Amino acid sequence: VPSAAVSAEQPPPKAAPPAAQTPKPAAKPGVAKLVSVEFLDGSDTAELKGTGQQFVNLPKDPKWVDNTNVKNLDRLSRRARVKVTFDQKGAHPFKLKLLPGPGNAAYSAGEKARNDNFKYQDQQKEYVTDGDGTKIIRQDFFVTAAGLDSYTVEGEDQHGNKQTSKPVQTQRLVWYQQLKMKNVKAASSLATFESEFAKHGIRLVSLGDKEMDHMPNISTGDSETFKTKARTAYTASSAARKEPYVVAIAYTDHLAVKDSGQVVVKSDVEVGPGKPAVEIPITKDGNAKYLWKDIVPGEGWFVSAGYLSNEAGAKEVAIPEAKCTAVPLRASAPSMCNKVKIDVTGLPAGKGTITLKVNWVNRMRGGLEFPGGNLICVCTRAWWQDASNDKQNQILIHEMGHKVGMVADGTGTGPDKVATWYNDAKGHVGPHCHNGLPADQARYDGSGDLAKSTCVMYGATNGKTAFCANCAPTVRKEDLGKGWRAF
């Protein structure tokens with residue numbers, strides 16, 4: 001019998017039973033673990049990989065996403081989205097709390113009472129994940145309006161497992177449009193201006209330059225003419241796209257204010273043929289004043305001059321302008337004159353009084369901040385001299401300081417009053433800082449005060465480009481959420 005037949009007749013061997021396997025235990029409710037808490041960064045699946053810049057003054061609007069400063073919508077506004085992830089699907093309870101950084105701005109109870117934007121979400125909140133084991137919290141966590149604050153979010157599951165997010169750092173973003181008058185030497189670099197505000201969490205971004213019509217001087221009655229010329233250039237720029245978070249910086253010629261028809265008298269002078277010229281100092285209350293000379297074409301310093309003899313019954317004799325010469329303070333500044341020399345050789349011999357009526361400079365302003373709008377004015381010439389690049393930066397920091405709310409006086413929705421605050425009643429127009437000078441001083445515009453002042457917010461240009469230790473924390477705390485309306 002063939003072997004194959006024998007084999008075919010035998011019953012097949014039985015298969016061995018499968019090796020025993022240990023079954024996986026079914027997932028038990030309540031053992032899922034929190035594995036991630038992160039701020040979102042542009043989508044529901046994109047999480048921050050490092051520190052995120054949170055621009056707290058800008059609303060969540062696609063128009064502000066420029067892919068240079070602002071990368072996506074999540075980096076806008078005081079509210080940031082948070083995503084929580086567990087290692088298992090299902091509905092898992094957890095808690096979240098926003099943790100402020102150790103160096104964050106400290107707002108007082110009074111500041112918080114005046115402005116809700118000075119508060120952050122400081123309460124722990126409870127949530128449950130969605131069925132996929134994740135949860136996105138979209139609106140609950142908000143930060144303050146301050147710059148350079150940092151925040152993380154700490155999550156904790158019901159078993160005490162904790163996870164902390166990567167941080168966000170707060171910033172305020174403001175654009176600026178430069179409007180440069182024809183034939184003026186505007187600042188060639190604003191690096192000092194930008195860097196000083198960056199120190200306090202305000203990022204300043206240039207929109208470039210536009211040219212505007214020239215004005216030789218802007219006095220107190222010239223504001224509307226100046227605004228009209230500046231507005232023409234502003235309208236032709238791209239600045240409107242950034243409103244209300246844009247400021248216009250207009251560079252001007254002189255910002256001098258004139259006192260018209262001021263009288264100076266010199267008595268008991270000798271006049272007549274062969275007599276030397278009479279020199280009359282231009283002063284008021286013992287302080288030198290400077291003649292209104294070479295500031296506005298067609299506007300001169302001379303009004304009138306006359307001589308009255310000491311003899312009884314004498315009548316005043318007019319002295320023509322041609323006999324009167326403005327005397328410069330120094331040869332290097334030929335238009336800066338604080339004396340007048342009068343040729344008296346054509347007058348009848350004798351003694352008497354010369355009365356001189358002139359226009360003089362009341363004050364020279366370094367810059368202006370126009371309240372209620374987004375216009376700043378920087379003077380490129382003062383006291384008949386060009387202002388240096390450094391000085392124009394000083395002026396601009398000061399005026400932008402006013403624009404962001406300095407020097408705060410503790411009213412309205414602003415921060416508390418700065419300890420070294422002063423206003424018009426103690427010298428200079430508007431709120432300023434007297435740091436470096438005594439608190440009990442009657443006024444802060446004396447001849448020696450300039451050198452002692454230590455803050456860029458002093459009421460006159462003092463060579464300082466930084467906010468003092470009293471003002472710096474307030475600049476950081478200012479709320480720029482409303483921006484400024486166009487001038």
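Small disclaimer: the values here were computed from a predicted structure and weren't measured.
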From the list Asp416, Asp479, Asp409, salt bridge (Lys or Arg N to Asp or Glu O under 4.0 Å) partner of Arg114 resolves to Asp416
Grab the two heavy atoms, one from Thr465 and one from Glu196, that are nearest each other, plus how far apart they are.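 That closest heavy-atom pairing would be O-CG, 3.4 Å.
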When every non-hydrogen atom of Ile319 is compared with those of Phe302, the smallest separation belongs to O-CZ, 3.9 Å
Taking [X] for the side chain and [Y] for the main chain, is one N or O donor matched with an acceptor at less than 3.5 Å?
{"X": "Gln53", "Y": "Arg75", "answer": "no"}
{"X": "Asp253", "Y": "Asn217", "answer": "no"}
{"X": "Trp301", "Y": "Ala326", "answer": "no"}
{"X": "Tyr444", "Y": "Pro438", "answer": "yes"}
{"X": "Glu38", "Y": "Lys166", "answer": "yes"}
{"X": "Lys182", "Y": "His214", "answer": "no"}
{"X": "Glu369", "Y": "Leu375", "answer": "no"}
{"X": "Gln169", "Y": "Gln171", "answer": "no"}
{"X": "Ser165", "Y": "Val153", "answer": "yes"}
{"X": "Arg81", "Y": "Asp74", "answer": "no"}

State, with a plain yes or no, whether a side-chain heavy atom of [X] is found less than 4.5 Å away from one of [Y].
{"X": "Ile295", "Y": "Val361", "value": "yes"}
{"X": "Met400", "Y": "Ile376", "value": "yes"}
{"X": "Val65", "Y": "Leu76", "value": "yes"}

Decide, yes or no, whether a salt bridge links Glu478 with Arg172 under the criterion of side-chain N to carboxylate O below 4.0 Å.
->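 Here Glu478 does not pair with Arg172 in a salt bridge, since their nearest N and O are not under 4.0 Å apart.
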With the threshold set at 4.0 Å, does a side-chain nitrogen-carboxylate oxygen contact exist between Lys452 and Asp449?
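No salt bridge links Lys452 with Asp449.
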In Arg78, Glu111, Lys482, the residue satisfying side-chain hydrogen bond (donor to acceptor under 3.5 Å, both in side chains) with Asn117 is Arg78
For Phe467 and His200, take the angle between the two ring planes, folded into 0 to 90°, and tell me which bin it lands in: parallel under 30, tilted 30 to 60, perpendicular over 60.
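Perpendicular: the ring planes of Phe467 and His200 meet at over 60°.
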| query | Among pairs that include at least one residue of residues 360-380, which meet ring pair (Phe, Tyr, Trp, His ring centres under 6.0 Å), considering only residues two or more places apart or in two chains? | reply |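 Ring pair (Phe, Tyr, Trp, His ring centres under 6.0 Å) check on residues 360-380 returns Phe226-Phe370.
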ask   = At what distance, to the nearest 0.5 angstrom, does OG1 of Thr220 lie from CZ of Arg363?
value =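 Between atom OG1 of Thr220 and atom CZ of Arg363 there are 7.0 Å.
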Check your understanding: Does Tyr151 have its ring centroid less than 6.0 Å away from the ring centroid of Phe141?
Key ->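 When the ring centroids of Tyr151 and Phe141 are compared, they turn out to be at least 6.0 Å apart.
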